[in-house]
Amino acid sequence: MTLPDRAAIEAMDAQDPLRHLRDAFILSPDEVYLDGNSLGVPTHAAQEELLRAARDEWAGQLIRSWNGAGWFDLPVELGERIGRLVGAAPGQVVVADTTSVNIYKALHAAMALRPGRRTIVAESGSFPTDLYIAEGVASTLPGARLRLEGVDGATIEDLLDADVAAVLVNHVNYKTGELRDMAALTARIQAAGAIAVWDLCHSAGALPVELDAAGADFAVGCTYKYLNGGPGSPAFVYVAHRHLGQARQPLSGWWGHARPFAFETGYEGDPGIRRFQCGTQPILSMRALKGALAIWDGVDMDVLRAKSLALTDLFIRLVEARCAGLGLTLESPREPARRGSQVAFGHDHAWPVMQALIARGVIGDFRAPSTLRFGFAPLYLRHVDVLRAVEVLEEVLKSASWKDPRFARPAAVT
């Protein structure tokens with residue numbers, strides 16, 4: 001297949017239905033940012049919202065802003081907006097706490113819904129916090145154990161038996177970008193009598209997600225990657241309507257109480273999604289997220305997915321053609337339907353290669369032991385950015401500039 005030249009690639013951008021959204025972001029003209037799957041780019045609206053909340057509300061109205069500016073209801077308001085992006089009907093998503101905390105809540109709630117079962121199943125290749133939290137949940141439940149895909153069995157399906165209560169699975173693998181079939185795997189998990197808990201950190205805002213249609217039980221996700229909420233912006237948790245009446249999470253803080261301002265001594269959880277909140281939420285971070293989410297109101301997720309696949313496909317084709325024989329191995333699925341919005345290549349010297357790329361204005365990231373990882377955020381990336389990134393990668397590899405001592409991996413970095 002003939003590779004497109006620069007003119008053809010520029011034509012792709014001219015025909016891009018999302019091209020006008022790039023101006024909403026604060027981007028350096030000297031960089032190609034391919035790390036939005038770690039930390040998204042800020043929008044002008046997010047910064048304006050944050051400034052307004054700090055200057056006009058916090059400084060101007062002080063405590064009156066809890067009601068006057070709607071601070072107290074922000075977690076539910078933002079949850080509704082994210083719900084549209086992940087295929088959730090109203091009343092099932094709340095923005096609160098962190099991904100790790102929400103995994104803890106969801107796994108505990110899932111285990112309680114399956115009394116008598118004691119096994120949690122997860123992926124050995126999962127992002128580490130998922131495994132750490134799963135270990136922590138198991139440690140609090142007598143007789144509970146954690147079984148891992150890739151260690152205790154070849155696939156999640158192989159591990160499903162009558163003792164499995166909950167399965168924690170990533171929709172998109174954080175390192176390779178491999179995309180799971182949510183509907184099919186959820187059906188298998190539920191057929192085995194278990195609860196499906198999905199991690200959406202690398203899919204929310206990157207591709208269409210259909211939680212309700214797939215029959216998911218619980219889901220968690222972060223907002224600082226493709227949703228561009230800012231560093232440490234609060235995460236979200238989804239609980240299917242059918243579970244809300246009986247699901248119990250263990251962090252029974254006052255924001256999850258049915259009557260938080262009655263100041264009662266006993267705990268009674270809110271009957272709806274609010275019960276999956278814990279303590280006072282980070283309002284300034286939530287206001288930045290509110291600004292970041294404004295851009296999504298007119299975005300068609302199918303159009304977003306089409307552009308994502310076009311960007312990642314172009315990147316793979318150009319890299320394999322222009323960097324052939326230079327030590328790169330594709331680690332992401334080649335088949336588009338099995339790929340999220342990122343591409344990973346292995347290289348024996350991945351760390352210094354990535355540092356050399358960053359020094360030349362192509363910002364990706366490294367994942368141990370030998371992965372070069374590139375994220376493609378369709379709202380602000382152009383096809384010409386892909387071309388520039390590949391040109392720089394080719395130059396770094398052919399010139400061996402990555403061997404410069406300043407790019408050597410520090411001993412403290414693992």
Side-chain angles (χ1 to χ4, degrees), residues 63-67 69-80 82-83 88-118 120 129-130 132-144 165-166 168 194-199 211 216-223 232-286 289:
I63 199 167
R64 289 164 288 187
S65 290
W66 282 108
N67 294 317
W71 286 359
F72 191 80
D73 291 323
L74 262 180
V76 173
E77 175 191 336
L78 299 181
E80 296 298 283
I82 290 175
Q92 299 176 102
V93 179
V94 67
V95 170
D97 306 312
T98 68
T99 301
S100 298
V101 170
N102 286 335
I103 291 173
Y104 189 84
K105 297 175 192 172
L107 278 180
H108 256 290
M111 295 293 284
L113 289 173
R114 292 296 181 265
R117 295 185 174 217
R118 287 292 177 263
I120 299 171
T129 200
D130 293 44
Y132 303 157
I133 294 296
E135 289 178 12
V137 171
S139 73
T140 68
L141 302 172
L168 174 61
I195 297 289
V197 181
W198 286 91
D199 183 327
L211 289 172
D217 297 296
F218 295 86
V220 299
C222 67
T223 64
S233 59
F236 63 90
V237 57
Y238 160 93
V239 184
H241 271 308
R242 63 186 179 277
H243 295 311
L244 278 175
Q246 54 186 348
R248 300 289 185 272
Q249 63 103 345
L251 303 180
S252 47
W254 75 290
W255 272 48
H257 197 282
R259 296 169 298 278
F261 294 101
F263 302 112
E264 300 165 355
T265 56
Y267 183 79
E268 179 186 340
D270 184 273
I273 191 62
R274 289 178 184 267
R275 75 168 51 187
F276 274 77
Q277 297 179 100
C278 182
T280 305
Q281 296 303 313
I283 297 303
L284 294 182
S285 290
M286 286 199 170
L289 176 59

Please confirm whether the backbone N or O of [Y] pairs with a side-chain atom of [X], one donor and one acceptor, at under 3.5 Å?
| X | Y | answer |
| --- | --- | --- |
| Glu268 | Arg259 | no |
| Lys105 | Leu251 | no |
| Arg114 | Ala112 | no |
| Asn102 | Asp97 | no |

Smallest separation among heavy atoms of [X] and [Y], with atom names:
| X | Y | answer |
| --- | --- | --- |
| Leu78 | Met286 | CD1-O, 3.5 Å |
| Ala110 | Ala166 | CB-CB, 3.8 Å |
| Asp270 | Arg275 | O-NE, 2.6 Å |
| Pro75 | Gln281 | CG-CG, 4.0 Å |
| Ala165 | Met111 | CB-SD, 3.4 Å |

Side chains of Leu244 and Ile273 in contact at under 4.5 Å (non-hydrogen atoms):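 The answer is yes, as the side chains (C-beta and beyond) meet within the 4.5 Å cut-off.
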
Student check: side-chain heavy atoms of Thr280 and Trp71 closer than 4.5 Å: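 In short, these two side chains do not touch, never coming nearer than 4.5 Å.
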
Point-to-point distance, once rounded to the nearest 0.5 Å, from OG1 of Thr98 to CD1 of Ile133: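 Thr98 atom OG1 to Ile133 atom CD1 measures 7.5 Å (nearest 0.5 Å).
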
Test log, rule ring pair (Phe, Tyr, Trp, His ring centres under 6.0 Å), inputs Trp254 and Tyr267: CA-CA 8 Å; Trp254 75 290; Tyr267 183 79; over 10 Å; no

Aromatic plane relationship, His243 with Phe218 - under 30° parallel, 30 to 60° tilted, over 60° perpendicular: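 Plane angle under 30°, so parallel.
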
side-chain contact (heavy atoms from CB on, under 4.5 Å) partner of Asp217, the single match among Val239, Ile195, Leu211, Leu113: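 Per the side-chain contact (heavy atoms from CB on, under 4.5 Å) rule, the option paired with Asp217 is Ile195, out of Val239, Ile195, Leu211, Leu113.
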
